[in-house]
Amino acid sequence: MPELPEVEVIRRYLVPVLLGRVIEQVWVRSAPPVFLTPPRALARRLLGERIVEVERRGKYLLFLLGTGPRLLVHLGMTGQLRLVADEVRRASPLPRGGPIEAMLDRHVHLKLRLSGTGLALLYRDPRRFGRLQWLDAQAKSRRLDRLGPEALTVSGRQLQGAARGRRLAVKSFLLDQHALAGVGNIYADEALFLAKILPTRGVQTLNDAEWRRLSNSLCKVLTAAIQRGGSSIDDYVRPDGTSGRYQTRHRVYGRTGRPCPSCRAPVDLVRIGQRSAHFCSRCQR
DNA sequence: CAAATCCCCTGCAGGC
DNA sequence: TGCCTGCAGGGGATTT
């Protein structure tokens, strides 16, 4: 689900709430394969740590802890980080089916109680494609080290360099996190539309100007999406449960058969590398 | 080495 | 109403 804009929106929301807070209680549900670090060991290590920074790399979030280690979080397709009131309500049970009760369902895998806030941070993930990992103070992470440059700030030259010697569709290239970090299916389609480049084009066929247009389009689309709180299609919500508003601005993603916002021709759909690609065959070349 | 394929999961929409 | 199929924002391991 979440691509770079959604992860960044979550990060910015969490920073003012979490920084300086101590994790004073940890609850885990052992549901493989979410826990790259065994859940009980993860809980033991998180307890008592102070959160000193929250960083993002590609689609990963890193919670930096006071004694040096980090908690690495990837949200997969349906992962959510939610802030909820962590009160004990014995006298008045929660209303059935209410939003808070929904947050305490079987899909919650981790709950961190935050000092001085009355809040808990929940990790919830129905499909369990997300991952949680403890990284020791000096430990290197192969997952992080192998990521390509950040899509938000990548240059045309960098993109071109990463594609050198490769032969694959430009759409597949944008989705390869080792080539470029942060882009997923929505923003790959949107950026290619803005750059007027067909998703099926081989990377070896793009010229300098096209690589430049692509990097500019990536920056433009990702920035606009962050500004509007990300794209809420199905599961994605911000930590307070509210939806993003960029999904209404999608030009081609999820708009198969509907008019291209630029030329009114119907938006096309093809499969590229097992994933759907939306595009306008008139505007994109 | 690079690229294609399969698989991990749940939930939902659409067809019958 | 139920059952079936296909599809979904990700990415890793395995195969070719």
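Throughout, protein chains are lettered first and strands after them, A, B, ... in sequence-line order, and every chain is numbered starting at 1.
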inquiry  = When you measure from the side-chain N and O atoms of A:Arg128 to the phosphate of B:dT10, is any distance below 4.0 Å, counting only OP1 and OP2?
reply    = yes
request  = For A:Arg146, report the nucleic acid contact type (base, sugar-phosphate, nothing); a contact means any heavy atom under 4.0 Å.
outcome  = nothing
query = Once you round to the nearest 0.5 Å, how far does CG of A:Leu36 lie from NE2 of A:His74?
reply = 11.0 Å
request  = Might you work through the salt bridge (Lys or Arg N to Asp or Glu O under 4.0 Å) test for A:Glu55 and A:Arg70, ending with a clear yes or no?
outcome  = CA-CA 10 Å; A:Glu55 296 179 345; A:Arg70 296 145 291 163; over 6 Å; no
ask   = Hey, is the side chain of A:Arg142 poking within less than 4.0 Å of OP1 or OP2 on C:dG12, counting only N and O atoms?
value = no
task = Check every strand shown and say whether A:Arg131 touches a base, only sugar-phosphate, or nothing at a heavy-atom separation below 4.0 Å.
result = nothing
query = Base, sugar-phosphate, or nothing: which does A:Phe173 touch, judged by heavy atoms less than 4.0 Å apart?
reply = nothing
message = Heavy atoms only, 4.0 Å cut-off, all strands: where does A:Ser276 land among base, sugar-phosphate and nothing?
response = sugar-phosphate
query = Between B:dC12 and A:Arg127, is there an OP1 or OP2 to side-chain N/O distance shorter than 4.0 Å?
reply = no
inquiry  = Taking B:dC9 as the reference, what is the distance to C:dT14 when you measure between their P atoms (whole Å, please)?
reply    = 15 Å
ask   = Within less than 4.0 Å of OP1 or OP2 of C:dG12, is there a side-chain N or O belonging to A:His74?
value = no
ask   = Taking only N and O in the side chain of A:Gln274, is any of them less than 4.0 Å away from OP1 or OP2 of B:dT5?
value = yes
request  = Check whether any side-chain N or O of A:Arg275 sits under 4.0 Å from OP1 or OP2 of C:dA8, and answer yes or no.
outcome  = no
query = At under 4.0 Å between heavy atoms, what does A:Tyr253 touch on the DNA or RNA strands: base, sugar-phosphate, or nothing?
reply = sugar-phosphate
query = Within a radius of less than 6.0 Å around CZ of A:Arg258, do more than 12 heavy atoms belonging to other residues, nucleotides or ligands occur?
reply = no
query = Which is true for A:Arg271 with a 4.0 Å heavy-atom rule: it touches a base, it touches only sugar-phosphate, or it touches nothing?
reply = sugar-phosphate
